[in-house]
Protein chains: 2
Amino acid sequence: MDQRHASALKAAGMKATPKRLAILEMLEAEPGYASPEELWKRLKDRFDRLGLPTVYRNLEELSASGVLSKVIHPNRQLYYYFCSNREHHHHFVCLSCRKVEDIPACGIEALEQEVSKRNGGKVLSHILQLNGLCGGCADNGEKQ
Amino acid sequence: MDQRHASALKAAGMKATPKRLAILEMLEAEPGYASPEELWKRLKDRFDRLGLPTVYRNLEELSASGVLSKVIHPNRQLYYYFCSNREHHHHFVCLSCRKVEDIPACGIEALEQEVSKRNGGKVLSHILQLNGLCGGCADNGEKQ
DNA sequence: ATCCTAAAACGAAATCATTTCTATTTAGAG
DNA sequence: CTCTAAATAGAAATGATTTCGTTTTAGGAT
Ligand SMILES: [Mn+2]
Ligand SMILES: [Mn+2]
Ligand SMILES: [Zn+2]
Ligand SMILES: [Zn+2]
(Lines give C-alpha, C1' and ligand atoms only; values in the text may rest on other atoms or scores of the structure.)
(Ligands and ions follow the chains in the order given, each with its own letter.)
Protein backbone atom coordinates (compact mmCIF):
# COMPACT_ATOMS: atom_id res chain seq x y z
CA MET A 1 0.00 0.00 0.00
CA ASP A 2 2.26 2.73 1.27
CA GLN A 3 4.88 3.02 -1.42
CA ARG A 4 7.22 5.05 0.76
CA HIS A 5 7.41 2.39 3.41
CA ALA A 6 7.56 -0.42 0.91
CA SER A 7 10.50 1.31 -0.73
CA ALA A 8 12.19 1.89 2.58
CA LEU A 9 11.87 -1.79 3.39
CA LYS A 10 13.15 -2.82 -0.02
CA ALA A 11 16.07 -0.45 0.36
CA ALA A 12 16.81 -2.09 3.68
CA GLY A 13 16.71 -5.51 2.08
CA MET A 14 13.59 -6.52 3.97
CA LYS A 15 10.40 -8.01 2.60
CA ALA A 16 7.47 -5.64 2.56
CA THR A 17 5.11 -7.71 4.66
CA PRO A 18 1.70 -6.36 5.69
CA LYS A 19 2.72 -6.46 9.30
CA ARG A 20 5.88 -4.48 8.76
CA LEU A 21 3.98 -1.89 6.79
CA ALA A 22 1.36 -1.68 9.52
CA ILE A 23 4.04 -1.20 12.15
CA LEU A 24 5.59 1.62 10.15
CA GLU A 25 2.22 3.26 9.48
CA MET A 26 1.24 3.14 13.11
CA LEU A 27 4.55 4.43 14.35
CA GLU A 28 4.58 7.21 11.77
CA ALA A 29 1.13 8.32 12.89
CA GLU A 30 2.29 8.25 16.50
CA PRO A 31 3.25 11.68 17.83
CA GLY A 32 5.94 10.22 20.06
CA TYR A 33 7.79 7.05 20.80
CA ALA A 34 6.00 3.80 21.58
CA SER A 35 6.75 0.47 23.20
CA PRO A 36 6.53 -2.88 21.42
CA GLU A 37 3.61 -4.00 23.55
CA GLU A 38 1.66 -0.80 23.01
CA LEU A 39 2.02 -1.14 19.28
CA TRP A 40 1.13 -4.82 19.45
CA LYS A 41 -2.08 -4.18 21.39
CA ARG A 42 -3.24 -1.70 18.81
CA LEU A 43 -2.10 -3.68 15.80
CA LYS A 44 -3.78 -6.88 16.93
CA ASP A 45 -7.14 -5.53 15.86
CA ARG A 46 -5.98 -5.23 12.28
CA PHE A 47 -4.83 -8.84 11.97
CA ASP A 48 -6.45 -12.11 12.87
CA ARG A 49 -3.05 -13.20 14.07
CA LEU A 50 -0.17 -11.13 15.29
CA GLY A 51 2.40 -12.26 17.80
CA LEU A 52 4.16 -9.99 20.23
CA PRO A 53 7.52 -11.53 19.33
CA THR A 54 6.88 -10.51 15.74
CA VAL A 55 6.51 -6.90 16.83
CA TYR A 56 9.66 -7.08 18.92
CA ARG A 57 11.61 -8.67 16.08
CA ASN A 58 10.47 -6.20 13.45
CA LEU A 59 11.03 -3.15 15.59
CA GLU A 60 14.55 -4.29 16.30
CA GLU A 61 15.25 -5.09 12.65
CA LEU A 62 13.79 -1.80 11.49
CA SER A 63 15.83 0.02 14.08
CA ALA A 64 18.99 -1.80 13.08
CA SER A 65 18.45 -0.86 9.45
CA GLY A 66 17.84 2.76 10.34
CA VAL A 67 14.20 2.93 9.30
CA LEU A 68 13.25 3.48 12.92
CA SER A 69 15.12 5.09 15.78
CA LYS A 70 15.38 3.65 19.24
CA VAL A 71 14.89 5.74 22.33
CA ILE A 72 17.10 5.37 25.37
CA HIS A 73 14.71 5.53 28.26
CA PRO A 74 15.50 5.79 31.97
CA ASN A 75 13.28 2.82 32.73
CA ARG A 76 15.43 0.83 30.34
CA GLN A 77 12.50 -0.54 28.39
CA LEU A 78 12.40 -0.50 24.63
CA TYR A 79 10.79 2.40 22.78
CA TYR A 80 10.86 3.23 19.11
CA TYR A 81 10.20 6.32 17.09
CA PHE A 82 9.57 6.98 13.43
CA CYS A 83 11.64 9.90 12.24
CA SER A 84 11.46 10.98 8.62
CA ASN A 85 14.58 13.09 8.96
CA ARG A 86 17.17 11.08 7.13
CA GLU A 87 20.02 13.40 8.06
CA HIS A 88 22.26 12.56 10.95
CA HIS A 89 20.77 14.15 14.01
CA HIS A 90 19.73 13.51 17.58
CA HIS A 91 16.60 13.76 19.59
CA PHE A 92 15.07 15.56 22.47
CA VAL A 93 12.44 13.30 24.04
CA CYS A 94 9.83 14.30 26.52
CA LEU A 95 9.51 11.90 29.44
CA SER A 96 6.03 13.04 30.09
CA CYS A 97 4.29 13.00 26.73
CA ARG A 98 6.87 11.10 24.73
CA LYS A 99 7.16 13.78 22.12
CA VAL A 100 10.35 13.67 20.15
CA GLU A 101 12.03 16.75 18.72
CA ASP A 102 14.94 16.78 16.35
CA ILE A 103 18.19 18.29 17.51
CA PRO A 104 20.22 19.52 14.59
CA ALA A 105 23.55 20.14 16.29
CA CYS A 106 25.58 18.19 18.81
CA GLY A 107 26.99 20.83 21.16
CA ILE A 108 25.50 19.59 24.36
CA GLU A 109 26.01 22.43 26.77
CA ALA A 110 24.69 24.91 24.25
CA LEU A 111 22.02 22.45 23.26
CA GLU A 112 20.53 22.10 26.69
CA GLN A 113 20.05 25.80 27.07
CA GLU A 114 18.80 26.14 23.54
CA VAL A 115 16.20 23.39 23.88
CA SER A 116 15.16 24.74 27.23
CA LYS A 117 14.73 28.26 25.98
CA ARG A 118 13.45 27.68 22.45
CA ASN A 119 10.80 25.13 23.35
CA GLY A 120 10.18 26.26 26.89
CA GLY A 121 10.91 22.76 28.10
CA LYS A 122 13.14 21.54 30.87
CA VAL A 123 16.07 19.22 30.30
CA LEU A 124 16.26 16.88 33.26
CA SER A 125 19.19 14.82 32.07
CA HIS A 126 21.08 13.96 28.99
CA ILE A 127 22.97 10.97 27.75
CA LEU A 128 26.05 11.27 25.64
CA GLN A 129 27.97 8.14 24.98
CA LEU A 130 30.30 6.98 22.30
CA ASN A 131 30.44 3.23 21.80
CA GLY A 132 33.19 1.59 19.91
CA LEU A 133 36.55 -0.06 20.08
CA CYS A 134 39.69 1.42 21.59
CA GLY A 135 42.97 1.36 19.77
CA GLY A 136 44.10 -1.91 21.23
CA CYS A 137 40.85 -3.67 20.52
CA ALA A 138 40.27 -2.19 17.09
CA ASP A 139 43.47 -3.86 15.97
CA ASN A 140 42.46 -7.41 16.68
CA GLY A 141 38.85 -7.85 15.66
CA GLU A 142 37.54 -8.68 19.10
CA LYS A 143 33.91 -8.17 19.98
CA GLN A 144 32.16 -7.54 23.26
CA MET B 1 38.91 3.11 56.11
CA ASP B 2 39.07 5.09 52.90
CA GLN B 3 38.43 8.63 53.99
CA ARG B 4 37.77 9.84 50.47
CA HIS B 5 34.95 7.39 49.94
CA ALA B 6 33.58 7.86 53.42
CA SER B 7 33.49 11.59 52.78
CA ALA B 8 31.83 11.12 49.43
CA LEU B 9 29.16 9.01 51.05
CA LYS B 10 28.64 11.50 53.81
CA ALA B 11 28.40 14.29 51.29
CA ALA B 12 25.76 12.27 49.51
CA GLY B 13 23.84 11.81 52.72
CA MET B 14 24.49 8.09 52.81
CA LYS B 15 25.83 6.03 55.68
CA ALA B 16 29.39 4.83 55.21
CA THR B 17 28.72 1.13 55.54
CA PRO B 18 31.51 -1.40 55.01
CA LYS B 19 29.73 -2.78 51.98
CA ARG B 20 29.34 0.56 50.33
CA LEU B 21 32.98 1.34 50.88
CA ALA B 22 33.95 -2.04 49.47
CA ILE B 23 31.84 -1.44 46.39
CA LEU B 24 33.50 1.91 45.83
CA GLU B 25 36.98 0.51 46.39
CA MET B 26 36.43 -2.34 44.02
CA LEU B 27 34.93 -0.18 41.32
CA GLU B 28 37.67 2.39 41.67
CA ALA B 29 40.28 -0.31 41.20
CA GLU B 30 38.44 -1.57 38.16
CA PRO B 31 39.92 -0.34 34.87
CA GLY B 32 36.51 -0.22 33.21
CA TYR B 33 32.86 -0.55 33.94
CA ALA B 34 31.40 -3.55 35.75
CA SER B 35 28.05 -5.21 36.22
CA PRO B 36 26.31 -5.65 39.58
CA GLU B 37 26.68 -9.41 39.47
CA GLU B 38 30.37 -9.26 38.61
CA LEU B 39 31.03 -6.99 41.55
CA TRP B 40 28.89 -9.14 43.81
CA LYS B 41 30.75 -12.33 42.94
CA ARG B 42 34.04 -10.72 43.80
CA LEU B 43 32.81 -8.91 46.91
CA LYS B 44 31.21 -12.01 48.40
CA ASP B 45 34.62 -13.29 49.41
CA ARG B 46 35.16 -10.28 51.62
CA PHE B 47 31.96 -10.67 53.59
CA ASP B 48 30.37 -13.61 55.27
CA ARG B 49 27.09 -12.29 54.02
CA LEU B 50 26.37 -10.11 51.02
CA GLY B 51 23.19 -10.14 49.01
CA LEU B 52 23.03 -9.40 45.31
CA PRO B 53 20.09 -7.04 45.86
CA THR B 54 22.31 -5.03 48.18
CA VAL B 55 24.82 -4.54 45.39
CA TYR B 56 22.08 -3.55 42.96
CA ARG B 57 20.58 -1.13 45.45
CA ASN B 58 23.84 0.51 46.37
CA LEU B 59 25.05 0.87 42.81
CA GLU B 60 21.82 2.55 41.87
CA GLU B 61 21.90 4.84 44.90
CA LEU B 62 25.53 5.72 44.32
CA SER B 63 24.80 6.40 40.69
CA ALA B 64 21.80 8.54 41.56
CA SER B 65 23.89 10.59 43.95
CA GLY B 66 26.62 11.07 41.37
CA VAL B 67 29.32 9.11 43.15
CA LEU B 68 29.24 6.54 40.35
CA SER B 69 28.36 6.87 36.70
CA LYS B 70 26.12 4.52 34.82
CA VAL B 71 27.01 3.18 31.40
CA ILE B 72 24.43 2.91 28.64
CA HIS B 73 25.18 -0.45 27.06
CA PRO B 74 23.76 -1.92 23.84
CA ASN B 75 22.78 -5.10 25.68
CA ARG B 76 20.72 -2.93 27.99
CA GLN B 77 22.15 -4.44 31.13
CA LEU B 78 23.39 -2.34 34.01
CA TYR B 79 27.03 -1.32 34.22
CA TYR B 80 28.69 1.16 36.52
CA TYR B 81 31.93 3.04 36.46
CA PHE B 82 33.87 4.94 39.03
CA CYS B 83 35.07 8.25 37.64
CA SER B 84 37.04 10.61 39.81
CA ASN B 85 36.54 13.48 37.40
CA ARG B 86 34.02 15.62 39.17
CA GLU B 87 33.60 18.05 36.29
CA HIS B 88 30.72 17.66 33.92
CA HIS B 89 31.87 15.42 31.12
CA HIS B 90 31.01 12.39 29.04
CA HIS B 91 32.56 9.06 28.33
CA PHE B 92 33.95 7.00 25.56
CA VAL B 93 33.50 3.36 26.47
CA CYS B 94 35.10 0.43 24.78
CA LEU B 95 32.67 -2.39 24.05
CA SER B 96 35.46 -4.84 23.94
CA CYS B 97 37.56 -4.20 27.05
CA ARG B 98 35.19 -1.89 28.89
CA LYS B 99 37.74 0.84 29.23
CA VAL B 100 36.26 4.24 29.85
CA GLU B 101 37.85 7.47 28.66
CA ASP B 102 36.72 10.94 29.56
CA ILE B 103 35.46 13.19 26.85
CA PRO B 104 35.88 16.83 27.76
CA ALA B 105 33.77 18.52 25.08
CA CYS B 106 30.36 17.76 23.63
CA GLY B 107 30.70 18.42 19.90
CA ILE B 108 29.81 14.99 18.71
CA GLU B 109 30.79 15.00 15.06
CA ALA B 110 34.19 16.45 15.87
CA LEU B 111 34.42 14.20 18.88
CA GLU B 112 34.05 10.98 16.96
CA GLN B 113 36.93 11.85 14.69
CA GLU B 114 39.00 13.15 17.54
CA VAL B 115 38.53 10.05 19.68
CA SER B 116 39.12 7.85 16.69
CA LYS B 117 42.33 9.58 15.76
CA ARG B 118 43.76 10.49 19.13
CA ASN B 119 43.25 7.10 20.74
CA GLY B 120 43.43 5.05 17.59
CA GLY B 121 40.08 3.53 18.46
CA LYS B 122 36.98 3.07 16.40
CA VAL B 123 33.66 4.63 17.28
CA LEU B 124 30.95 2.19 16.30
CA SER B 125 28.00 4.19 17.50
CA HIS B 126 27.10 7.02 19.75
CA ILE B 127 24.14 7.98 21.83
CA LEU B 128 23.08 11.53 22.39
CA GLN B 129 19.79 12.07 24.10
CA LEU B 130 18.31 14.84 26.12
CA ASN B 131 15.65 13.74 28.60
CA GLY B 132 13.31 16.16 30.16
CA LEU B 133 9.97 17.87 29.97
CA CYS B 134 8.65 19.85 27.03
CA GLY B 135 7.18 23.28 27.50
CA GLY B 136 3.65 22.03 27.92
CA CYS B 137 4.57 19.39 30.41
CA ALA B 138 7.08 21.47 32.37
CA ASP B 139 4.24 23.83 33.28
CA ASN B 140 2.05 21.33 35.03
CA GLY B 141 4.24 19.13 37.18
CA GLU B 142 3.35 15.88 35.47
CA LYS B 143 5.67 12.94 35.60
CA GLN B 144 6.14 10.03 33.23
C1' DA C 1 -0.12 -17.95 -13.29
C1' DT C 2 2.19 -21.46 -10.53
C1' DC C 3 6.32 -23.08 -8.02
C1' DC C 4 9.78 -22.86 -4.84
C1' DT C 5 12.41 -21.48 -1.05
C1' DA C 6 14.37 -18.46 2.14
C1' DA C 7 12.38 -15.23 5.05
C1' DA C 8 8.81 -14.12 8.20
C1' DA C 9 5.50 -15.14 11.72
C1' DC C 10 3.29 -17.98 15.30
C1' DG C 11 2.77 -18.59 20.18
C1' DA C 12 3.77 -21.21 24.06
C1' DA C 13 7.47 -21.53 26.94
C1' DA C 14 11.82 -20.14 28.75
C1' DT C 15 14.97 -16.77 30.28
C1' DC C 16 17.17 -14.17 33.59
C1' DA C 17 18.41 -9.59 34.97
C1' DT C 18 16.29 -6.89 38.22
C1' DT C 19 13.01 -5.90 41.92
C1' DT C 20 10.08 -6.77 45.83
C1' DC C 21 9.08 -8.12 50.42
C1' DT C 22 9.47 -9.07 55.38
C1' DA C 23 12.49 -10.02 59.01
C1' DT C 24 16.91 -8.88 60.92
C1' DT C 25 21.01 -6.15 61.56
C1' DT C 26 23.61 -1.90 61.99
C1' DA C 27 25.57 3.01 61.57
C1' DG C 28 25.79 6.84 63.86
C1' DA C 29 23.31 10.68 66.23
C1' DG C 30 22.19 12.01 70.85
C1' DC D 1 25.40 3.21 75.77
C1' DT D 2 20.69 3.67 73.60
C1' DC D 3 17.76 4.19 70.15
C1' DT D 4 15.98 4.43 65.59
C1' DA D 5 15.97 5.15 60.89
C1' DA D 6 18.60 3.25 57.44
C1' DA D 7 20.70 -0.72 55.52
C1' DT D 8 20.90 -5.70 54.56
C1' DA D 9 19.61 -10.60 53.95
C1' DG D 10 17.66 -13.97 51.21
C1' DA D 11 14.04 -16.13 49.15
C1' DA D 12 10.67 -15.27 45.98
C1' DA D 13 8.39 -12.71 42.42
C1' DT D 14 8.49 -10.07 38.40
C1' DG D 15 7.88 -9.16 33.67
C1' DA D 16 10.02 -7.48 29.66
C1' DT D 17 12.31 -9.78 26.17
C1' DT D 18 13.97 -13.90 23.77
C1' DT D 19 14.02 -18.61 22.20
C1' DC D 20 12.49 -22.45 19.60
C1' DG D 21 10.23 -25.76 16.61
C1' DT D 22 6.48 -25.39 13.49
C1' DT D 23 3.73 -23.12 10.02
C1' DT D 24 2.92 -19.54 6.71
C1' DT D 25 4.19 -16.28 3.17
C1' DA D 26 6.58 -12.84 -0.04
C1' DG D 27 8.49 -12.51 -4.11
C1' DG D 28 11.86 -14.16 -7.54
C1' DA D 29 12.11 -17.95 -10.88
C1' DT D 30 9.91 -20.91 -14.22
MN1 LIG E 1 14.60 12.80 14.35
MN1 LIG F 1 34.72 10.25 33.44
ZN1 LIG G 1 39.30 -1.53 24.36
ZN1 LIG H 1 5.93 16.86 26.75
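Note that the structure is predicted; figures quoted are calculated from it, not measured. The analysis underlying the following values was restricted to heavy atoms, covering all of them including side chains, and did not include hydrogens, waters or symmetry mates. We name chains A, B, ... by the order of the sequence lines, and we start the count at 1 in each one.
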Check your understanding: Would one find a side-chain N or O of N58(A) under 4.0 angstrom from OP1 or OP2 of dA8(C)?
Key -> no

Review point. Can you list the steps and then say if L9(A) with K15(A) is a side chain to side chain contact (heavy atoms under 4.5 Å, CB included)?
Key: CA-CA 6 Å; L9(A) 288 172; K15(A) 290 185 180 177; over 6 Å; no

Point to revise | Interface limits on DNA chain D, where chain A has a heavy atom under 4.0 Å of a nucleotide atom | key: dA16(D) to dG27(D)

Review point. Taking only residues two or more places apart in sequence, or in another chain, which ones meet S65(B) in a side-chain contact (heavy atoms from CB on, under 4.5 Å)?
Key: A12(B), M14(B), V67(B)

Exercise for review: Return the set of residues passing side-chain contact (heavy atoms from CB on, under 4.5 Å) with S63(B) (not counting sequence neighbours), or none when no residue passes.
Suggested key: K70(B), Y80(B)

Point to revise | Residues that R46(A) engages under side-chain hydrogen bond (donor to acceptor under 3.5 Å, both in side chains), provided they are two or more places apart | key: E25(A)

Revision key, fill the gap. The side-chain hydrogen bond (donor to acceptor under 3.5 Å, both in side chains) partners of T54(A) (sequence neighbours excluded) come to R57(A)

Revision key, fill the gap. Counting primed atoms, P, OP1 and OP2 as sugar-phosphate and everything else as base, the B/S/- map of nucleotides 17-30 of chain C against protein heavy atoms under 4.0 Å is SBBB------BS--

Exercise for review: Could you tell me how the ring of H73(A) sits relative to the ring of Y79(A): parallel (under 30°), tilted (30 to 60°) or perpendicular (over 60°)?
Suggested key: tilted

Review point. Relative to the ring of H91(A), is the ring of Y81(A) parallel (under 30°), tilted (30 to 60°) or perpendicular (over 60°)?
Key: perpendicular

Review point. Could you give the CG-to-P distance, from L39(A) to dA9(C), as a whole number of Å?
Key: 14 Å

Check your understanding: R20(A) and E61(A): side chain to side chain contact (heavy atoms under 4.5 Å, CB included), yes or no, with the steps?
Key -> CA-CA 10 Å; R20(A) 279 182 181 153; E61(A) 290 167 351; 3.1 Å; yes

